[in-house]
S.K.: 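Before we start, here is the structure in question, set down as structure tokens.
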Protein chains: 2
Amino acid sequence: MKFSGINLLDELQKSELTDLRDVFHSRSAKKGAIIFSPEQDEDLVFIIESGKVRIYLGYEEKEFTLGILEPGDLYSSHAGCFVQALEDSSLLVTDVQSVKRCMAEVPLFNRTMVRVLGKILQNAFSVIGGLAFKDIYARLTAYLLKEAQESGVPFDGGLELELDLTIEQLSQILGATRQTVSTLLNNMVREGLVVKRGRSKWFIPDLKALEDVVNT
Amino acid sequence: MKFSGINLLDELQKSELTDLRDVFHSRSAKKGAIIFSPEQDEDLVFIIESGKVRIYLGYEEKEFTLGILEPGDLYSSHAGCFVQALEDSSLLVTDVQSVKRCMAEVPLFNRTMVRVLGKILQNAFSVIGGLAFKDIYARLTAYLLKEAQESGVPFDGGLELELDLTIEQLSQILGATRQTVSTLLNNMVREGLVVKRGRSKWFIPDLKALEDVVNT
DNA sequence: CATGTATTGTCGTCTATCCGACAAACATAC
DNA sequence: GTATGTTTGTCGGATAGACGACAATACATG
């Protein structure tokens with residue numbers, strides 16, 4: 001899933017933004033490391049250069065994943081979230097001051113910034129809608145459907161889907177317990193909605209059927 | 001509650017923004033009227049001039065209130081939300097095209113835009129945190145505490161609080177049913193945490209006690 | 001191959017919250 | 001005053017989903 005819908009790495013390639021590239025410095029993080037946390041109050045903006053990074057809220061023992069960033073995604077460290085590397089990753093980081101300067105000088109950056117914030121906001125609203133209105137089964141099927149549509153690979157009339165998430169991680173995205181998600185997924189298998197293909201690989205034999213379940 | 005934390009009406013008074021004022025046109029709405037809804041896809045940006053306006057998500061019969069805007073607040077109509085006038089209100093409206101032009105020409109507007117979006121986003125995250133991690137009682141007490149701190153009037157060692165919400169409306173902010181909120185509120189009354197003072201008016205005899213409940 | 005660790009499936013118990021129903025209280029209009 | 005609508009309080013039943021516990025896998029690593 002492209003979290004913001006806009007690939008900033010591509011944007012940075014554009015010739016207008018040569019000077020912009022220079023304000024970023026690179027920073028790398030090992031798999032599992034927590035890159036930013038809500039306490040530290042440096043205001044930083046960063047772009048994922050490589051790897052995979054998880055944005056999440058934490059409260060006592062519980063965690064809720066807001067999204068997973070991939071190369072080209074932009075985010076800010078001052079939104080009160082944790083940022084954790086899911087794989088060895090490298091980020092392009094800069095401080096908000098520089099960003100402000102850029103916004104004044106480079107109009108394109110500006111519009112991009114607003115666009116990205118808008119996308120993130122829309123995503124946040126849809127998360128709220130899910131939590132407020134839908135039960136876990138509905139959130140699960142909707143999530144699978146979206147992932148399948150965005151990154152499923154056609155195979156034998158159906159779709160193959162590589163989620164690359166443990167059940168535990170999936171449950172943190174859905175806002176549920178590991179146990180509940182595990183049980184619901186297995187119910188879906190029994191009903192033939194999905195077929196298990198090994199470590200976090202799934203096959204959806206009939207996308208229509210899944211759509212029908214989601215739209216009810 | 002100031003939804004975005006920034007009063008755009010004040011900002012518009014600033015001399016730098018004279019031309020900006022001209023791109024907005026006024027629009028009024030009667031109490032209860034739905035001003036924008038998610039289907040209509042005009043991309044508009046608006047500022048509350050007078051009155052009170054509710055931003056909410058809707059799904060089937062249910063509604064979840066994201067926030068209530070007051071004069072000076074800015075919002076955008078393309079975020080997939082309903083916008084409803086809680087009282088007779090008037091808005092300053094403009095389309096996104098004009099906003100983009102302004103962003104290029106007036107740097108101040110730009111920064112303000114990003115700042116407002118940031119605030120809204122932070123609010124959205126705290127809503128998600130509430131829904132994901134806390135039960136309704138915790139959300140209720142936290143809400144009352146925040147309102148008391150922001151707009152409570154000192155009285156006789158405690159705070160008087162005019163919420164101006166029916167229980168039903170309050171329950172839509174908290175993401176719960178009317179009945180549950182009603183019961184929990186009356187429990188709080190019995191425990192002496194709050195005292196009822198008539199139609200949506202409350203008295204908090206001991207703010208510390210309320211804080212203690214919230215921080216556990 | 002053996003051993004340790006991480007991931008998954010499943011079951012029973014427990015509780016917060018929803019939902020429908022209804023009456024009481026209150027406000028508003030006639 | 002009475003009548004009518006709106007807002008509230010409360011109760012009992014139903015249930016989704018949390019939680020703890022444990023066994024069964026699968027996976028990695030020496």
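The sequence lines fix the lettering, A, B, ..., with proteins before strands; numbering per chain opens at 1.
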S.K.: With sequence neighbours excluded, give me every salt bridge (Lys or Arg N to Asp or Glu O under 4.0 Å) pair touching residues 159-187 of chain A.
M.R.: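 Applying salt bridge (Lys or Arg N to Asp or Glu O under 4.0 Å) to every pair that reaches into residues 159-187 of chain A, excluding sequence neighbours, yields A:K52-A:D164, A:E160-A:R197.
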S.K.: What distance do B:Y56 atom OH and B:C81 atom SG have between them, rounded to the nearest 0.5 Å?
M.R.: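 The OH atom of B:Y56 sits 10.5 Å away from the SG atom of B:C81.
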S.K.: Please enumerate all protein N or O atoms sitting under 3.5 Å from an N or O of nucleotides 26-30 of chain D, with distances to 0.1 Å.
M.R.:
none

S.K.: Would B:R54 and B:E63 pass as an ion pair if we require N to O under 4.0 Å?
M.R.: yes
S.K.: Write down the distance between CD (B:Q172) and P (D:dT8), rounded to a whole number of angstrom.
M.R.: 12 Å
S.K.: Taking only N/O atoms, report every protein-nucleotides 14-21 of chain D pair under 3.5 Å with atom names and distance.
M.R.:
{"unit_1": "D:dG17", "atom_1": "OP1", "unit_2": "A:I136", "atom_2": "N", "d": "3.0"}
{"unit_1": "D:dA18", "atom_1": "OP2", "unit_2": "A:T177", "atom_2": "N", "d": "3.4"}
{"unit_1": "D:dA18", "atom_1": "OP2", "unit_2": "A:T177", "atom_2": "OG1", "d": "2.5"}
{"unit_1": "D:dA18", "atom_1": "OP2", "unit_2": "A:T180", "atom_2": "OG1", "d": "2.8"}
{"unit_1": "D:dG20", "atom_1": "N7", "unit_2": "A:Q179", "atom_2": "NE2", "d": "3.2"}

S.K.: Could you state the atom-to-atom distance from CD of B:E168 to P of D:dG9 in whole Å?
M.R.: 13 Å
S.K.: Applying salt bridge (Lys or Arg N to Asp or Glu O under 4.0 Å), which residue pairs with at least one partner in residues 79-98 of chain B are found, sequence neighbours left out?
M.R.: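 Output for this query is empty, none listed.
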S.K.: Do A:L117 and A:L121 come close enough that some side-chain heavy atom pair is under 4.5 Å?
M.R.: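 Of all side-chain heavy-atom pairs linking A:L121 with A:L117, none is under 4.5 Å.
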S.K.: Would you call B:T141 and B:M188 a side-chain contact if the rule is heavy atoms closer than 4.5 Å?
M.R.: yes
S.K.: Roughly how many Å is it from CG in A:D164 to P in C:dT7, rounded to a whole number?
M.R.: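 Rounding to the nearest Å, CG of A:D164 and P of C:dT7 are 12 Å apart.
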S.K.: Please state how far atom CG in B:N186 lies from atom P in C:dA25, giving the value in whole angstrom units.
M.R.: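 Going from B:N186 (CG) to C:dA25 (P), I get 13 Å.
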S.K.: Rounded to the nearest Å, what distance is computed from the CG atom of residue A:L131 to the P atom of nucleotide C:dC18?
M.R.: 14 Å
S.K.: Using a 4.0 Å heavy-atom cut-off across all strands, classify A:T166 as base, sugar-phosphate, or nothing.
M.R.: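 If one applies the 4.0 Å heavy-atom cut-off, A:T166 turns out to touch the sugar-phosphate alone, with no base involved.
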S.K.: In a table with atom names and distances, give each donor-acceptor pair under 3.5 Å that connects a side chain of residues 203-215 of chain B to protein atoms at least two apart or in another chain.
M.R.:
{"unit_1": "B:D206", "atom_1": "OD1", "unit_2": "B:K208", "atom_2": "N", "d": "3.1"}
{"unit_1": "B:D206", "atom_1": "OD1", "unit_2": "B:A209", "atom_2": "N", "d": "3.4"}
{"unit_1": "B:N215", "atom_1": "ND2", "unit_2": "B:E211", "atom_2": "O", "d": "3.1"}

S.K.: Could you state the atom-to-atom distance from NZ of A:K196 to C1' of D:dA24 in whole Å?
M.R.: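 One finds 12 Å between C1' of D:dA24 and NZ of A:K196, rounded.
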S.K.: Do A:I47 and A:L91 have side chains that approach each other closer than 4.5 Å (heavy atoms only, starting at C-beta)?
M.R.: no
S.K.: My understanding is that only residues two or more places apart in sequence, or in another chain, count here; which of them pass ring-ring contact (aromatic ring centres under 6.0 Å, His included) with A:F64?
M.R.: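 Partners of A:F64 by the ring-ring contact (aromatic ring centres under 6.0 Å, His included) criterion come out as none, since no residue qualifies.
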S.K.: Nearest whole Å is fine: how far is C:dT17 C1' from B:N187 CG?
M.R.: 13 Å
S.K.: Tell me whether the OP1 or OP2 atom of C:dG9 has a side-chain N or O from A:S182 closer than 4.0 Å.
M.R.: yes
S.K.: What is the distance from CD1 of A:I167 to P of C:dT10, rounded to the nearest Å?
M.R.: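 That distance rounds to 11 Å.
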